[in-house]
Amino acid sequence: MKKHTSFKFTLPLFKFLKGYKRKDLLADTKAGANVALLDFPQGMAYAMIAGLPVNFGIYSSAIGSICGSILGSSRFLMLGPTNASAVLLLSGFLSLNWPEASRIAAMPLLLLMIAAIMIAGALIRADIVIRYVSRSVVTGYVSAAAMLIIINQLRPALAIEAPRAATFWESLIAILQNINTFSPAALTLSAGTIVIALALKRWLKSIPYVAVTLGLATLATWFAKDHGYVLETLQAVPAGRWPISIPTFSLPQIHDLLGVAFAIAFLSLLESASIAKALASQAGDTVDIRQQMISMGVADAVNAIGSGMPVSGSLTRSTLNYNSGARSPISSLTSGIILVAGALLLGPIIGYIPKGALAALVILVGISLIRPTTIKALLKATKSDAATFLITFISGLLFSLDTAIYAGVATSVLLFLKKASTPDLVEYSFNDKGELSETEKDTKTAAISIMHVEGDLFFGSTDVFEEQLRQLATRPTIKAIILRLKNARHLDATGALAIGDFARLAGERGIHVIIGGAMPEFMQVLTNTGVVEAMGPENIFPHTPENVTLSTRYALKRAQSLLGVSSADILLFGKKVDSSSLA
């Protein structure tokens, strides 16, 4: 009787609980509590960045922490709202020119779209796309996002009455036009908040400086109110209340939000993967990026009905989790539970926190995202790195941030293709001593020429490759050309057929074309496209792993046989051989 094996689904969390001990639970509880103390004010700040009520950030942090702990493959990665996702969300909504009520109403639909993109991306292995995003794009985007964060938080920090704008440039103009409306009391509070936060961070590193600073700012607001200075505070959340949001589906809204959804999903993947891999490397772990995509997708889907906002991997909270001694995702679960309790019990207290103080802390976060050392390195490294960074950064200042991402990635890919589409061809021929060496520019008498091809030979490089071969074939003394393909890569049908066409046209001019050093994958493409048959197998010599110069020696022997040359000494890529050995 046959036994049928059934598929068993195991939550990633269970993998970390094998051999889990009491001391591990204590370490995770401590780490989770530390992260929650930072997560609570950070969640509010990120919701404020996105132009949403602060409770959206708290709810999203709680849901992200819980879903990430159950479904994520990283011990340390903390999910929730982040600077990048919040700024991209703000930029997307501002580009649509939607009021706050419309943003809140559309948030559940947007979250479901992001969740669908994330989960579908995990199923089709879309995580590989992050390999093709350069550091220049990420740095350019983050720097532009930081500038947008700072300029947008100047409004509440100074109590300036200015309309919101979609881009940094438009926001800057709006603030300058309304700078006369600023409040001296708000300026004093914001400046004091920054001084206190920097002092606590510098000299009392063990305490949650963000929470303590907000507490002191709240006390200062009460004191100012008693002296006739009324400062705007955040909107309170009723105790014991967690509103449910219901997605409403609308084709026009789906069309409007699609670009924003893709941009947030892409950035969240990039951000989370880099953080998870970095921490895993330090701890000697491995992470499954596809599983992380699923955890983020599920978290976004739950946020769609839990009045949250998009989640991503948080660098500050994940690093704090790691440094606090977390042993497993239980630390993330602990943080999530504490956040749930805080959201249900501390909602009314939020109403006493001054907007200006929270905005000042957000400005500090924005400033910390700008890395002058990294920017300087990118600008000095190569012209491609500098161009990619500048295009991404300037696009982020002048246009919406999703446009900056697309512009940066497109520039990075185009510059890469430009490099890849220019194969390096070095010509070798016989010099005056009868030796084979790199051809001098003024050499015009060689009868046999070896063209050493290095680089990509795919469709994008075919035009350059063909042009260089055509120029070589126009020399009146050339009677045989050997294409040495050992270091060429990525031959496709276009490149193979170009070689075949060149061999046919050269043959019509009485020039023999011989191939040497073709790797097995090249031989397969040349055979499948009929080039081997057209040129003749006797004119094609595959690569010989046991002797890297052997195939070229055979190709030279074939060329000498065709031309009746048999008496020259040959210097073959640094290895001198006697011509009699080729006869």
Side-chain angles (χ1 to χ4, degrees), residues 43-60 80-117 141-142 144-156 162-175 234-235 243 245-268 271 300 303-304 306-312 355 358-359 362 366 395-406:
M44 293 190 294
Y46 296 146
M48 194 171 175
I49 288 174
L52 297 169
V54 294
N55 55 301
F56 275 65
I58 300 172
Y59 299 153
S60 182
T82 64
N83 281 308
S85 61
V87 151
L88 196 53
L89 185 61
L90 171 67
S91 178
F93 277 140
L94 289 179
S95 65
L96 295 173
N97 197 27
W98 286 0
E100 181 177 321
S102 297
R103 299 175 202 171
I104 294 174
M107 187 59 62
L109 175 60
L110 176 62
L111 285 166
L112 285 182
M113 292 171 65
I114 297 172
I117 293 170
Y141 165 80
V142 171
M147 296 296 291
L148 186 60
I149 288 173
I150 294 168
I151 199 68
N152 271 296
Q153 294 308 309
L154 282 178
R155 292 170 56 258
R164 283 187 177 272
T167 67
F168 169 84
W169 179 247
E170 292 172 343
S171 295
L172 177 61
I173 293 175
I175 286 178
L234 301 175
Q235 183 178 356
S245 51
I246 306 298
T248 56
F249 294 90
S250 165
L251 288 179
Q253 275 197 343
I254 291 175
H255 176 269
D256 291 340
L257 294 172
L258 192 58
V260 180
F262 268 107
I264 293 176
F266 176 75
L267 186 69
S268 298
E271 191 174 32
D300 283 326
N303 270 313
S307 298
M309 56 189 290
V311 303
S312 182
K355 276 189 176 181
L358 188 56
V362 173
S395 297
L397 297 181
L398 299 179
F399 309 106
S400 62
L401 287 179
D402 55 336
T403 301
I405 290 179
Y406 301 140

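FYI, the numbering just counts along the sequence from 1.
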* **Step-by-step side-chain contact (heavy atoms from CB on, under 4.5 Å) determination, L358 to L234** => CA-CA 9 Å; L358 188 56; L234 301 175; 3.8 Å; yes
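- Inter-residue side-chain proximity for F262 and Y406 is flagged as met; some heavy-atom pair is nearer than 4.5 Å.
- Between F266 and I117 there is no side-chain heavy-atom pair separated by less than 4.5 Å.
- No side-chain donor-acceptor contact under 3.5 Å links S395 to the backbone of A404.
- When the side-chain hydrogen bond (donor to acceptor under 3.5 Å, both in side chains) test is applied to S85, the partners found at least two apart in sequence or on another chain are T82.
- Two residues are said to be in side-chain contact when any heavy atoms from C-beta on lie closer than 4.5 Å; F56 and N303 fail this criterion.
- Taking 4.5 Å as the limit, some side-chain heavy atom of M113 sits within range of a side-chain heavy atom of L257.
- Counting heavy atoms from C-beta on, the side chains of T403 and L398 never come closer than 4.5 Å.
- Closest approach of I49 to V87, counting heavy atoms only: CG2-CG2, 3.6 Å.
- In this structure, L112 and F249 have side chains that are in contact, with non-hydrogen atoms separated by less than 4.5 Å.
- Minimum interatomic distance between A47 and G57 (heavy atoms only, all atoms of both residues): CB-N, 3.5 Å.
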Let me have the donor-acceptor pairs involving side chains of residues 90-106, under 3.5 Å, with sequence neighbours excluded, atom names and distances please.
unit_1, atom_1, unit_2, atom_2, d
S91, OG, L401, N, 2.9
S95, OG, S91, O, 3.4
S95, OG, G92, O, 2.6
R103, NE, W98, O, 3.0
R103, NH2, W98, O, 3.3

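- Looking only at side-chain heavy atoms (C-beta outward), M107 and P247 stay at 4.5 Å or farther from each other.
- The CE atom of M147 lies 11.0 Å from the OG atom of S171; values are rounded to the nearest 0.5 Å.
- In this structure, A359 and P156 approach most closely via the heavy-atom pair CB-CG, 3.6 Å.
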* **T248 vs L109, side-chain contact (heavy atoms from CB on, under 4.5 Å): CA-CA, chis, key distance, verdict** => CA-CA 6 Å; T248 56; L109 175 60; 5.7 Å; no
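- Considering only heavy atoms from C-beta on, I175 comes within 4.5 Å of I151 through its side chain.
- In terms of heavy-atom proximity, P243 sits nearest to S307 at O-OG, 2.8 Å.
- Here the shortest heavy-atom pairing between V311 and D300 reads N-OD1, 3.1 Å.
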* Go through the steps to decide whether L397 and F168 satisfy the test side-chain contact (heavy atoms from CB on, under 4.5 Å), and finish with yes or no. => CA-CA 5 Å; L397 297 181; F168 169 84; 3.8 Å; yes
* For the pair L110 and L89, evaluate side-chain contact (heavy atoms from CB on, under 4.5 Å) and give the outcome as yes or no after the intermediate values. => CA-CA 10 Å; L110 176 62; L89 185 61; 3.4 Å; yes
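- Contact detail for S245 and G306: the closest heavy-atom pair is OG-N, 3.7 Å.
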